[in-house]
Amino acid sequence: MLYGPSLLSMPMKMQPEILFLTLFFFGLASADLLQNPDFESPPANLPENFNSPFVLSSQNNTIPGWTFEGTVLYVKASQNASLPGSGNAIQLGQDGEINQTFIANGDIMDYVLTFTLASFGQNCSANTDIALAVSAPDSSRMFSLKQLHGKETWESYGHYLGSWGDGENVNLVFQSQTSESYPNSTCWPVIDTILLKSVGTLPEAKDNLLPNGRFETGPDFLSNSSEGVLLDENPSLVHSPLRVWSVLGTVKYIDSKHFFVPQGNAAVEIVSGVSAGIQTAATLKEGSTYNLEFTLGDANDTCVGDFIVEAQTGSTAQNFSLASSGIGSAKNFSMTFKAGPSPTLIGFLSYTTTQTKDGEFCGPMVDYVVLRASYGQKLEMQLKVLILLYILVAIFQIH
Ligand SMILES: *[C@@H]1O[C@H](CO)[C@@H](O)[C@H](O)[C@H]1NC(C)=O
Ligand SMILES: *[C@@H]1O[C@H](CO)[C@@H](O)[C@H](O)[C@H]1NC(C)=O
Ligand SMILES: *[C@@H]1O[C@H](CO)[C@@H](O)[C@H](O)[C@H]1NC(C)=O
Ligand SMILES: *[C@@H]1O[C@H](CO)[C@@H](O)[C@H](O)[C@H]1NC(C)=O
Ligand SMILES: *[C@@H]1O[C@H](CO)[C@@H](O)[C@H](O)[C@H]1NC(C)=O
Ligand SMILES: *[C@@H]1O[C@H](CO)[C@@H](O)[C@H](O)[C@H]1NC(C)=O
Ligand SMILES: *[C@@H]1O[C@H](CO)[C@@H](O)[C@H](O)[C@H]1NC(C)=O
Ligand SMILES: *[C@@H]1O[C@H](CO)[C@@H](O)[C@H](O)[C@H]1NC(C)=O
Ligand SMILES: *[C@@H]1O[C@H](CO)[C@@H](O)[C@H](O)[C@H]1NC(C)=O
Ligand SMILES: [Ca+2]
């Protein structure tokens with residue numbers, strides 16, 4: 001017998017994709033893609049005890065790996081100017097921009113960026129819009145420190161840059177959006193700790209109709225940061241740094257090293273209040289019954305409150321509530337639904353706005369989202385496979 005029992009127990013929909021199961025997903029680390037991504041290699045001709053901030057001149061200074069234009073400063077972290085990395089960063093002033101060209105891999109891959117946007121002024125984000133544009137050939141997006149979500153004066157953001165291959169040259173540009181009318185240089189945007197990774201095709205999960213339902217594929221985490229990585233509003237599944245999940249409002253991508261994560265290395269915390277969350281879409285068989293399982297909880301970041309999370313499955317939705325004492329908890333939930341016309345939207349929205357005692361925005365955590373054909377449908381599919389095999393065997397016996 002050619003076919004093992006594992007094929008028989010697999011839903012019909014998966015069969016054409018069995019080949020893909022053997023294609024392994026792979027991601028490459030940033031170290032190889034970008035040079036001097038944390039600005040720790042100092043500019044040429046930097047004086048030995050330089051005073052931070054140090055204004056760079058295009059005649060006398062070159063930053064290893066980078067090209068710059070406009071007002072660009074080399075800055076050092078200090079007691080009042082904190083950074084997640086180990087000390088040095090770049091501040092972009094009037095018309096300031098830095099750029100670096102990296103070479104895409106041979107295969108077409110998606111490129112996902114993590115970077116840190118900081119403010120060195122004591123009270124800048126309250127008064128100024130500290131803004132930065134991040135551009136690549138296929139995308140340009142504005143990031144702002146207007147609202148700090150954590151306790152630091154910096155945020156790390158995740159960003160989908162684009163998709164390239166064939167050794168293409170990709171020019172990555174960071175550009176200050178400081179308005180001309182704003183003269184206070186203390187509040188100019190500071191950029192640091194850039195992590196770039198390439199992500200291949202997501203693997204087809206054997207037991208899950210949703211790719212990346214465990215949220216393991218997203219922007220890289222800073223190894224020293226306990227702030228997670230912020231993901232801004234993003235209506236597109238394809239152009240989202242959290243692969244194939246769109247983002248409503250702002251969510252925080254959290255790592256198991258610094259948060260309580262129920263499954264694997266990463267999960268999602270919904271931090272920006274009412275109707276914020278994540279959504280994806282699945283192609284399902286209309287009229288068939290499916291089962292959605294997921295884990296909700298709190299990420300062990302002192303987020304105390306009563307959370308309400310709405311789980312959406314196509315045109316139906318159901319609210320789940322959980323009380324968090326902020327010390328790390330997880331609970332499994334499940335719901336069964338009949339699929340409507342394709343594609344079926346699967347989503348999780350938070351209906352509460354919560355802040356920790358320190359004023360950090362926080363909220364419910366979602367992880368381990370698993371979508372399966374419900375038992376009845378599986379049986380029906382197995383029956384179909386059996387009938388097919390039976391017919392094949394009958395044909396062979398005739399010949
Ligand atoms: C470049 O360096 C030279 C020699 O140190 C100095 O005289 C000059 O002023 C510098 N130019 C700028 C723009 O800083
Ligand atoms: C750091 O901030 C504190 C108060 O927030 C202030 O007293 C001190 O002078 C600041 N230090 C520097 C180097 O700016
Ligand atoms: C992490 O923090 C340690 C101690 O503060 C520091 O020595 C190290 O360089 C940091 N690593 C990175 C990648 O920033
Ligand atoms: C980026 O850097 C290259 C040099 O590598 C330069 O020729 C180009 O003009 C720069 N592009 C932008 C948009 O700054
Ligand atoms: C610039 O902003 C900082 C932080 O808000 C403040 O301490 C400083 O006094 C300001 N400087 C000027 C010249 O306005
Ligand atoms: C920061 O700015 C806000 C809004 O302008 C103001 O209410 C607050 O007092 C400022 N805080 C400090 C420490 O200057
Ligand atoms: C879930 O709760 C929110 C807030 O109470 C409400 O607006 C929403 O309609 C509820 N959703 C469902 C499916 O009941
Ligand atoms: C929550 O974090 C504390 C340390 O901050 C740790 O001791 C505890 O084990 C964590 N709880 C969970 C459920 O991970
Ligand atoms: C949730 O379900 C998964 C898969 O069955 C299991 O591994 C995990 O332990 C469960 N988590 C909780 C909190 O019950
Ligand atoms: Ca996970």
Side-chain angles (χ1 to χ4, degrees), residues 33-36 56 58 62-72 90 92 95-103 132-140 151 161-162 168-177 191 194 225-228 248-249 254-267 269-270 273-277 279 292 294-322 324-331 333 335 337 345-354 356-358 360 362-365 367:
L33 289 165
L34 288 179
Q35 250 191 79
N36 197 14
L56 300 176
S58 49
T62 50
I63 318 167
W66 299 91
T67 305
F68 71 91
E69 253 175 59
T71 307
V72 173
I90 288 291
L92 297 174
D95 301 320
E97 70 172 52
I98 54 163
N99 75 317
Q100 181 169 149
T101 299
F102 67 90
I103 299 168
L132 181 80
V134 181
S135 318
D138 297 348
S139 64
S140 181
K151 56 183 176 297
L161 267 189
E168 274 178 274
N169 286 339
V170 182
N171 185 23
L172 172 62
V173 186
F174 296 90
Q175 196 170 27
S176 169
Q177 301 294 302
I191 176 167
I194 301 160
S225 161
S226 57
E227 296 291 299
L248 291 94
I254 56 174
D255 59 325
S256 58
K257 199 174 152 192
H258 298 98
F259 294 87
F260 170 65
V261 164
Q263 183 280 328
N265 297 316
E269 181 180 357
I270 305 172
V274 175
S275 292
Q279 288 178 331
L292 184 73
F294 49 93
T295 307
L296 299 178
D298 78 276
N300 196 12
D301 53 359
T302 70
C303 193
V304 180
D306 293 316
F307 302 148
I308 299 171
V309 177
E310 185 181 78
Q312 305 173 313
T313 48
S315 54
T316 58
Q318 194 178 323
N319 274 346
F320 296 86
S321 50
L322 53 151
S324 163
S325 49
I327 55 168
S329 64
K331 199 171 166 200
F333 295 90
M335 57 194 284
F337 65 99
L345 178 144
I346 305 288
F348 298 90
L349 300 186
S350 168
Y351 274 101
T352 39
T353 305
T354 319
T356 66
K357 261 194 271 167
D358 298 334
E360 290 181 61
C362 64
M365 172 197 59
D367 199 3

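Order of listing sets the numbers, starting from 1, for every ligand and every atom in it.
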List for me each residue that meets salt bridge (Lys or Arg N to Asp or Glu O under 4.0 Å) alongside Lys257, sequence neighbours excluded, and say none if there are none.
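Here no residue qualifies.
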When the ring planes of Phe320 and Phe294 are compared, do they come out parallel, tilted or perpendicular, using 30° and 60° as the limits?
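Taking Phe294 first and then Phe320, their aromatic rings stand perpendicular (interplane angle over 60°).
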Just which atoms of ligand 8 are under 4.0 Å from any heavy atom in Ile327?
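Under 4.0 Å from Ile327, ligand 8 has these atoms: 11 (N), 12 (C), 13 (C).
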List every atom of ligand 7 that sits less than 4.0 Å from any heavy atom of Asn319, numbering the atoms from 1 in the order shown and giving each element.
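Here the atoms of ligand 7 in question are 1 (C), 2 (O), 3 (C), 8 (C), 10 (C), 11 (N), 12 (C), 14 (O).
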Ligand 7 atoms in contact with Ala317 (distance to a heavy atom under 4.0 Å)
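This gives 13 (C) as the contact atoms.
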Where do [X] and [Y] come nearest, in terms of heavy atoms and distance?
| X | Y | result |
| --- | --- | --- |
| Ser325 | Val304 | O-CG2, 3.7 Å |
| Ser350 | Ile270 | CB-CG2, 3.5 Å |
| Leu248 | Ser275 | CB-O, 3.8 Å |
| Gln177 | Ala133 | NE2-CB, 3.4 Å |

For ligand 4, what is the set of protein residues having any non-hydrogen atom at a distance below 4.0 Å?
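Near ligand 4, by chain and number: Thr67, Glu97, Asn99, Asn171, Val173.
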Are any of the N/O atoms in Tyr351 less than 3.5 Å from those in ligand 7?
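No - when backbone and side-chain N and O of Tyr351 are compared with those of ligand 7, no distance drops under 3.5 Å.
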Close side-chain approach of Gln100 and Leu34, heavy atoms under 4.5 Å:
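Result yes, sub-4.5 Å side-chain heavy-atom pair found.
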Per the side-chain contact (heavy atoms from CB on, under 4.5 Å) rule, which among Glu269, Met365, Glu360 passes with Asp301?
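Checked Glu269, Met365, Glu360 against Asp301; only one passes side-chain contact (heavy atoms from CB on, under 4.5 Å): Glu269.
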